[in-house]
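Notes to accompany the following structure.
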Amino acid sequence: MRPLLSLFVGLLLCSSLHAETPVQRPQHALVASAHPAATVAGLETLAAGGNAFDAAVAVAAALAVAEPYGSGLGGGGFFLLREAGTTPRYRFVDARERAPLKAHASMYATPGKAGQAPSLDGALAAAIPGLPAALAHLSQRYGKLALRDSLYPAQRLARDGIGIDALYRERVSWRLKAMQADPETARIFLSDNQAPAEHSLLRQPELASTLQRLADHGHAGFYSGRTADLLVRAVQAAGGIWTHKDLTDYRVIERQPLRAKLQDGRELITAPPPSAGGVALIQSLAMLQQLNWRKADTLTRDHLVIESLRRAYRDRGLLGDPDQVRNPLASLLAPAYLQQLARSIDRQKATPSSSLPPATAWHEGQHTTHFTVIDQAGNAVSATLSINLPFGAAFTAKGSGVLLNNEMDDFAKAVDEQNAYGLTGSQANLIAPGKRPLSSMTPSFVESAGELSSFGTPGGSRIPSMVLLGILEYLDGQPIERWATRPRFHHQYLPDVLEYEPATFSSQEKAGLLRLGHQLQSTNRRYGNLQVLRWNKQSGAVEGASDPRGLGRADTLALPPQ
Ligand code: DON
């Protein structure tokens, strides 16, 4: 760790954050997730005597079954953990997928078959999954229950079936062609080659058996033996480059979360690289604090948020997998640098991105999932999981029921190549064997002596800006529902446009933003799926909220004292 950052961390450790005030244990446990069946799986696991980490295993596994378009055993993600204690301990479990060992920087230089994007569709798009390793690791290292018990609700859902809802059908419509191109994906996830009817049942018996092998043998039950054989065989038969060594080499990595002081004795605990989100979040919040955002009128506030995001997102191009590139975290988070960034913001007009030094990388997809859990001891989890685009690579390894990710597309395919979103690549995020692609996933906590709150969402490149807007509502004293419901806007440096949900700005605000020099572009639909919770440590009250844009649920469970 670079000296400046450790100073940051050091200062925080001896801060007054966890001092004197008596802490009331959470009156309830709570799970907020993007699917009601996953929320129930978490609560069931807590009721069976599990802690928040067992519940996280249950929720993640249930989401893998119930939202096959969003995350899964064929994907990966990040788990931010809070271990309860007089001084709580935070951990970051990096279960990001890795590039196969045969991957190389120019592997997508040759275009695929007509209509196929090889970094997006099919076996070549898939990086080595991390989620199964994370489930085994969380259960073994932090859980109280056997892995088998925490995986049981997911197995049951896979075997008995899950009802098809409108969201599932919408996600299919985005990926229908790619799904039709893989017979195994079409067989399991489509019906007569089309989106299954609403309320019909999706049964996944092969996935139930794969979960069973994971339950029986832990990590090895996925990364070697029958599951590994099925995965490698199917990927190779379809032109992919996975080997058994890719699977046996895969490990989750525990990293130091990033930590930063916020106003009023609060601390932000968030995702380090290979997420680019935590750095962007710390930078934006630091700029906004220096610009005294809370005192500003609504229009100026929005303008300051946009300008902070523009600057924070620009720096993303410097980041990559910390195991393979040097991330200049100390420079990017240095107080002097953050002051300089804040000073470069003009309150009266937008800074054209073209006038700020050059571009950054952006490769993002369209789906993913987030959930959060707290138990009555105060252990908590904030986790964002992904297979990248809806239904990942739309490739299912025959016999395993495992739908593979297309996370390889999160790499930069070339330094100067633009992706479908008009975003350019970066050196630090080029493909290399065993490398983890840069991510935007930003599971985060904010904690003070009086409160713990948790934030996170899917949404590709818009994740950090959504988490920022949620945290600003919290810092502004707004009720928890508002953190999730608040209309959203986004700026990511390039392209130089201010994107906004249709209901975000009044016509007067739009006129004001145009006057300041912003280029406005409606997203024409709402986006994101934020899951949040708050524990008031003085009263013990726990509350949660699930984004009304999705179908998720935040539910509580009170257990008798043990
Ligand atoms: O890791 C990332 O940044 C992306 N794979 C996340 C994709 C995502 O959130 C799409 N969500 N709607």
Side-chain angles (χ1 to χ4, degrees), residues 34-35 63 67-72 74-80 92 94-99 119-120 125-131 134 167-168 170-171 174-175 270-281 313 316-317 319-321 360-371 383-394 403-413 419-421 423 425-426 429 435-444 455-467 488 490 492 499 501 523 525-531 547 549-552:
H35 198 287
L63 287 169
E67 282 191 320
Y69 46 81
S71 65
F78 299 138
F79 291 81
L80 180 64
F92 183 81
D94 170 357
R96 183 71 164 159
E97 299 89 334
R98 292 179 75 195
S119 71
L120 288 175
I128 306 304
L131 184 66
L167 206 66
Y168 183 102
E170 186 200 34
R171 300 306 191 246
W174 294 355
R175 295 287 281 147
T270 188
S275 170
V279 172
L281 197 54
Y313 273 76
R316 176 186 162 113
L319 300 175
D321 179 357
T360 59
W362 273 117
H363 283 269
E364 296 302 341
Q366 300 277 6
H367 220 270
T368 290
T369 196
H370 181 85
F371 70 88
T384 314
L385 311 175
S386 183
I387 49 172
N388 203 21
L389 289 190
F391 294 95
L403 191 53
L404 301 186
N405 69 83
N406 58 355
E407 223 71 72
M408 289 298 284
D409 196 66
D410 275 352
F411 280 116
K413 290 194 278 300
N419 72 357
Y421 307 89
L423 302 160
S426 77
N429 192 31
K435 191 170 174 183
R436 285 163 149 87
L438 195 58
S439 171
S440 298
M441 295 185 287
T442 316
S444 301
F455 301 83
T457 181
S461 62
R462 297 184 188 129
I463 293 173
S465 68
M466 284 189 262
V467 172
R488 295 181 176 138
H490 172 75
Q492 62 178 41
E499 293 183 294
E501 290 183 326
T523 55
R525 50 183 284 274
R526 302 201 298 167
Y527 60 85
N529 200 352
L530 201 81
Q531 310 294 325
D547 200 319
R549 294 163 184 82
L551 305 171

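Ligands are counted one by one from 1 in listed order, and the atoms in each one are counted from 1 as well. As the structure is a prediction and not an experimental result, all values here were calculated from the model. The first residue of the sequence shown is numbered 1, and numbering continues consecutively from there.
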Measure S386 to ligand 1 on non-hydrogen atoms and call it side chain, backbone, both or neither using the 4.0 Å cut-off.
-> side chain

Taking all heavy atoms of A383 and all of H370, pick out the closest pair and write down the distance.
-> O-ND1, 2.9 Å

Any non-hydrogen atom of R462 lying under 4.0 Å from ligand 1?
-> no

Taking the six-membered ring of Y69 (Phe, Tyr or Trp), confirm whether the NZ or CZ of R175 is under 6.0 Å from its centre and within 45° of its axis.
-> no

Any luck finding a side-chain donor-acceptor pair between R316 and S440 under 3.5 Å?
-> yes

Under the side-chain contact (heavy atoms from CB on, under 4.5 Å) rule, collect the residues that match up with A280, sequence neighbours excluded.
-> A312, P464

For S440, atoms of ligand 1 separated by under 4.0 Å from a heavy atom = 1 (O), 2 (C), 3 (O)

To the nearest 0.5 Å, what is the distance between OG1 (T368) and CG (N388)?
-> 6.5 Å

Does the N or O separation between G460 and ligand 1 drop below 3.5 Å for any pair?
-> yes

Numbering the atoms of ligand 1 from 1, which are under 4.0 Å from a heavy atom of R96?
-> 1 (O)

Could you tell me which non-hydrogen atom of L281 sits nearest to which non-hydrogen atom of T442, and how far apart they are?
-> CD2-CG2, 3.8 Å

The answer for which part of L389 has a heavy atom under 4.0 Å from ligand 1 is neither

May I ask you to identify, for I463, whether its side chain, its backbone, both or neither come under 4.0 Å of ligand 1 on a heavy-atom basis?
-> side chain

